[in-house]
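Just below is one structure, and these are the notes that go with it.
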Amino acid sequence: MSTREIEQAIPHRPPMRLIDEICERDETSIVCQKTFSQDEFFVQGHFPDQPIVPGVIQCECCLQAGAVLLHQRMEQTPGSVPVATRMDNVKFKRMVRPGDTVQIHVTLNDQLSNAFYLTGKMMLRGKLAMRLDFAVSITQTDPSAGSTESAGSTESAGSTESAGSTEQKQ
């Protein structure tokens, strides 16, 4: 899948588009590839003498691959996007460094209404570098109102409400 096709499937753009290529895909799984450059903004200053790709960026690679996997399911609802709602069992096994090429494997495990449960694995030279279980909720966006709504939470300019609590954004 080309960069253009990836950008049609997900809203991410450089420098936050973290998928270079889609290698394989079927209804319940996807394999993507990403080569990390020494020029990536997130490695600048992250262990300057021994730069490594931050774990949160590795997680985001899996989330973006999951979003591409779910794109076909969202085509019936224009303006919808998958929003991460949970990450569990995150484990980092190997350091990923600038210059490394990783394969990102994501599998859809279950669906309940508009919630999807997935597992992501990042492979480095054929060995597990990290893994996580995660969930996303398909959310309808309303650009004119500047808010997104999903099951159980409402986000708007200034605050996020979820299950009876309100957090002020900084």
Side-chain angles (χ1 to χ4, degrees), residues 1-14 16-34 53-93 96 102-124 126-157 159-167 169:
M1 184 180 258
S2 72
T3 299
R4 183 171 166 248
E5 292 170 304
I6 293 167
E7 290 184 353
Q8 287 175 341
I10 60 175
H12 303 80
R13 298 295 180 268
M16 279 305 297
R17 184 180 36 79
L18 299 173
I19 299 172
D20 294 337
E21 175 184 356
I22 305 302
C23 304
E24 298 174 32
R25 180 180 174 172
D26 62 33
E27 289 293 312
T28 60
S29 65
I30 192 166
V31 179
C32 304
Q33 188 165 287
K34 168 69 176 164
V53 176
V56 68
I57 296 296
Q58 295 176 48
C59 293
E60 178 67 17
C61 289
C62 292
L63 295 171
Q64 288 184 22
V68 173
L69 175 63
L70 297 175
H71 174 70
Q72 288 181 328
R73 296 171 188 257
M74 297 182 307
E75 287 182 324
Q76 305 89 337
T77 313
S80 60
V81 295
V83 176
T85 58
R86 176 186 308 168
M87 286 190 274
D88 293 313
N89 303 316
V90 180
K91 295 183 173 120
F92 300 98
K93 301 290 189 175
V96 178
V102 296
Q103 288 70 45
I104 305 150
H105 299 250
V106 174
T107 303
L108 174 62
N109 300 321
D110 199 7
Q111 176 185 358
L112 296 169
S113 185
N114 72 331
F116 294 83
Y117 299 88
L118 305 102
T119 297
K121 295 179 181 177
M122 183 174 284
M123 308 297 288
L124 176 63
K127 296 185 177 179
L128 184 66
M130 68 82 63
R131 65 137 356 255
L132 78 157
D133 296 317
F134 64 101
V136 300
S137 177
I138 303 302
T139 303
Q140 183 67 37
T141 61
D142 181 4
S144 63
S147 68
T148 56
E149 294 186 19
S150 67
S153 70
T154 303
E155 184 176 316
S156 61
S159 69
T160 301
E161 295 179 25
S162 179
S165 68
T166 302
E167 292 178 49
K169 289 186 178 178

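Only this structure's heavy atoms are used, side chains among them; waters, hydrogens and symmetry mates stay out.
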- Item | Greater than 12 external heavy atoms within 6.0 Å of Arg13's CZ | yes
- Message: More than 12 heavy atoms of other residues, nucleotides or ligands under 6.0 Å from CD of Glu75: yes or no?
- Response: yes
Report the distance from atom [atom1] of [X] to atom [atom2] of [Y], rounding to the nearest 0.5 Å.
{"X": "Met74", "Y": "Ile138", "atom1": "CE", "atom2": "CD1", "result": "5.0 Å"}
{"X": "Gln58", "Y": "Leu18", "atom1": "CD", "atom2": "CG", "result": "10.5 Å"}
{"X": "Asp88", "Y": "Phe134", "atom1": "CG", "atom2": "CZ", "result": "11.5 Å"}
{"X": "Leu118", "Y": "Gln111", "atom1": "CG", "atom2": "CD", "result": "10.0 Å"}
{"X": "Gln33", "Y": "Met123", "atom1": "CD", "atom2": "CE", "result": "13.0 Å"}
{"X": "Met130", "Y": "Met122", "atom1": "CE", "atom2": "CE", "result": "6.0 Å"}

How close do [X] and [Y] get, heavy atom to heavy atom, and via which atoms?
{"X": "Val106", "Y": "Gly66", "value": "CG1-CA, 3.9 Å"}
{"X": "Gln140", "Y": "Pro78", "value": "NE2-O, 3.0 Å"}
{"X": "Lys34", "Y": "Ile104", "value": "CB-CD1, 4.0 Å"}
{"X": "Ile19", "Y": "Ile22", "value": "CG2-CD1, 3.9 Å"}
{"X": "Val136", "Y": "Ala84", "value": "CG1-CA, 4.0 Å"}
{"X": "Ser137", "Y": "Thr85", "value": "CB-CG2, 3.7 Å"}

Look at the side chain of [X] and the backbone N and O of [Y], then say whether any donor-acceptor pair between them is shorter than 3.5 Å.
{"X": "Arg25", "Y": "Val68", "result": "yes"}
{"X": "Thr107", "Y": "Thr119", "result": "no"}
{"X": "Gln64", "Y": "Met16", "result": "yes"}
{"X": "Arg86", "Y": "Asp133", "result": "no"}

- side chain to side chain contact (heavy atoms under 4.5 Å, CB included) between His71 and Ile10, intermediate numbers included: CA-CA 7 Å; His71 174 70; Ile10 60 175; 6.0 Å; no
- Message: What verdict does the side chain to side chain contact (heavy atoms under 4.5 Å, CB included) test give for Cys61 and Val102, after you've listed the backbone C-alpha separation in whole Å, the side-chain angles of each residue and the deciding distance to 0.1 Å?
- Response: CA-CA 10 Å; Cys61 289; Val102 296; 5.7 Å; no
- Dump the intermediate steps for side chain to side chain contact (heavy atoms under 4.5 Å, CB included) on Leu108 and Arg73, then the final yes or no. CA-CA 12 Å; Leu108 174 62; Arg73 296 171 188 257; 3.3 Å; yes
